[in-house]
Amino acid sequence: MIQTMAWRNIWRSTTRSLVVIGAIAVGIWAALSLTGFATGMVKSYVNNAVQNIVSHIQVHQPDFLDENEVKYNIPDAGGVEQAIRAEPGVKAVSVRSVVKGMISSSQGARGVSIKGVEPEEEARVNALDENIVEGDYLSGEGRNPILVSDELAKKLNVKVRSKVVLNFQDRGGSITAAAFRVAGVFDTGNKPFDLSHVYVRRSDLNNLLSSAADSALAVGLLAHEIAIMVDDIRKVDTIASSLSAGLPGLEVQTYRQISPDLELYEGQIKNISLIYLTVIMLALVFGIINTMLMAVLERIKELGMLMAIGMNKLRVFLMIVLESVLLGLVAMPVGLLLGYITIDYVGKNGIDMSMYAKGLESFGMSSVIYFELAPIVYLQVAVGVFLTAVLASIYPALKAIRLKPVEALRTI
Amino acid sequence: MKVITTKGVVKIYNPDKIPVKALNGVDLEIEEGEFTAIVGPSGSGKTTLLNVIGGLDRPDEGDVEVGGHDIDAMSDNDLIDFRKQHIGFVFQAYNLIPVLTARENVEFVMLLQNRPKKERHERAEELLRAVGLDDKMDKRPSELSGGQQQRVAVARALAPKPDFILADEPTANLDSKSTANLLDIMARLNEEEKITFVFSTHDQRVIDRARRVVTLVDGKVATDEVRG
């Protein structure tokens, strides 16, 4: 019956209760949506980075990572590639030769990382082919085609079909220069990356990298980097450690190890939701305290009567706490549902941030953000609201039980 | 058997600023089965005396013994429990629980006593029938007249089977018909069920029906008249 009383009590002042229920629901909605937005943004950053730049897993010769020199290639790259393809969960593999060099046009020059790729395989690991904004993706035809980003094209003042020159050291240490023709212009959305990377065919690059000492067979298989995509990002760590065990002498890294910023961002998602939740719940605490205090103060006489006829302090205390919790429990499904609908909708349709996209893209995020939320966050918010309601009711409930029945009964 | 004994009870309000002696040495004994009116002009200490007897307030001096228990020796929470088990209250302003129906109001005190649901239900119906509210059991206080509300209050006061009922000006807000009706019910319960009633009043209609009239003047018992 105390539950019945508490329930009916909150509807004595319908408007006031609806206002505080609305506030709690909006608070829940805001906490969920903001967390969904933050998660979506981080995921967009991580996905962009994974798809366009780092892929899920990369394999290198350890010295290559430190020295970045072409002589530190992956020994028996063909065998390694086969071993990787045989690993369960591996979806796509791209073998690359990589060299640091300089790209120059008649208008300027920049230091870049030159990636020699097998066009078809690269397209399976990477969204590179989809990111072509002008011209064509790499193909088997033509002599020395190269892909540059639109940012780099602007700096160098080149267009599709323009000629550029690449300079780098070959395996023998001699400086080599070769002319390439711009086949296509790409845009990954990540400005720093775009400015510092160009793509050529692996066979073209390998020919240029070979020194007189290399045999033709070895040249064809020259590789510095193997990029891997797996079918489920959650399995990355398992697959990476299994690969690592099977590939002694090679360094197997997940995207988190390659780009520690990704790990940092991913780790921040949890903190972000807790921070949003805490701030919003703190604001709600005061709203609920205010409401419950009014509810207590306007029925001092009634509370005095309840104590006079034998309702003990614990029960009075619990009744006030229960009223507050009920307000929270009514608001909770409303807020959770609103949040779910928002996240589901924006998760499917995305929210266009192109007004701010310039800023976002320089950070490597897309201009359309898709909200995303881990199911656990709904639970966190639900528990958070419950605790908030209990916390907020303590002061009004203490106020209620400090009443002296005879004085309370005398109030009008 | 004595149910209430007060000896030299003094109650002072505002002891620090302007002290008001609401009770100034009240000696009173009330026997089981009495139907007693405590009367006196406004400010004579009627309500204070009822509060002190009912354990809602503590005397500054003197002893109050209710059903053999020393009120002053009990903690606040013990007093709440004591009131719940031994004393039924009827207030001037009815003071029903507005969100509960008549039946629920009567059941409520029994719920506080942790009585089983069936017993609560049956007793609530029985009591509401006894006060003539058979057809109003599921109405909330706001749907009842003042007289009906006060009858619910009497039923509620009786529900826990208290040692006695304290009624503070129970008819002050009622019209003549409701007053007569309420007094009939209380008198009948007193005669048939031997329930002890103590009420404060300055309503002549109530005083006429009382079998003992204690008059308070300036916080002291001025006259104590027992009628046949």
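These values consider heavy atoms only, across backbone and side chains, with no hydrogens, waters or symmetry-generated copies. The sequence lines fix the lettering, A, B, ..., with proteins before strands; numbering per chain opens at 1. Every value quoted in this text rests on a predicted model; they were computed, and no experiment measured them.
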At a 4.5 Å cut-off on heavy atoms, which part of [X] comes close to chain A: side chain, backbone, both, or neither?
{"X": "B/Ala93", "answer": "side chain"}
{"X": "B/Leu96", "answer": "backbone"}
{"X": "B/Asn51", "answer": "side chain"}
{"X": "B/Arg58", "answer": "neither"}

Check your understanding: Should the heavy atoms of other residues, nucleotides or ligands under 6.0 Å from OH of B/Tyr13 be counted, would the total exceed 12?
Key ->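 Yes, the 6.0 Å shell around OH holds more than 12 heavy atoms from other groups.
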
Taking all non-hydrogen atoms of both residues, which atom of [X] and which atom of [Y] are closest, and how far apart?
{"X": "B/Thr101", "Y": "A/Arg8", "value": "N-NH1, 4.1 Å"}
{"X": "A/Pro405", "Y": "B/Leu56", "value": "CB-CD2, 3.8 Å"}
{"X": "A/Asn312", "Y": "B/Asn77", "value": "CB-OD1, 3.7 Å"}
{"X": "A/Arg12", "Y": "B/Pro98", "value": "NH2-CG, 3.3 Å"}

Practice item. Might you work through the salt bridge (Lys or Arg N to Asp or Glu O under 4.0 Å) test for A/Lys404 and B/Asp76, ending with a clear yes or no? Key: CA-CA 9 Å; A/Lys404 294 240 178 280; B/Asp76 282 358; 3.5 Å; yes

Check your understanding: Under the criterion side-chain contact (heavy atoms from CB on, under 4.5 Å), which of B/Tyr94, B/Phe89, B/Phe91 is the partner of A/Met305?
Key -> B/Phe91

Check your understanding: If you round to the nearest 0.5 Å, how far is CE of A/Met1 from CD of B/Glu104?
Key ->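 It is 5.5 Å, given to the nearest 0.5 Å.
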
Check your understanding: Checking heavy atoms, do the side chain of A/Arg299, its backbone, both or neither come under 4.5 Å from chain B?
Key ->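 Contact with chain B involves no heavy atom of A/Arg299 at all.
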
**Study point:** Side-chain donor or acceptor of A/Arg315 paired with backbone N/O of B/Leu112 under 3.5 Å
**Key:** yes

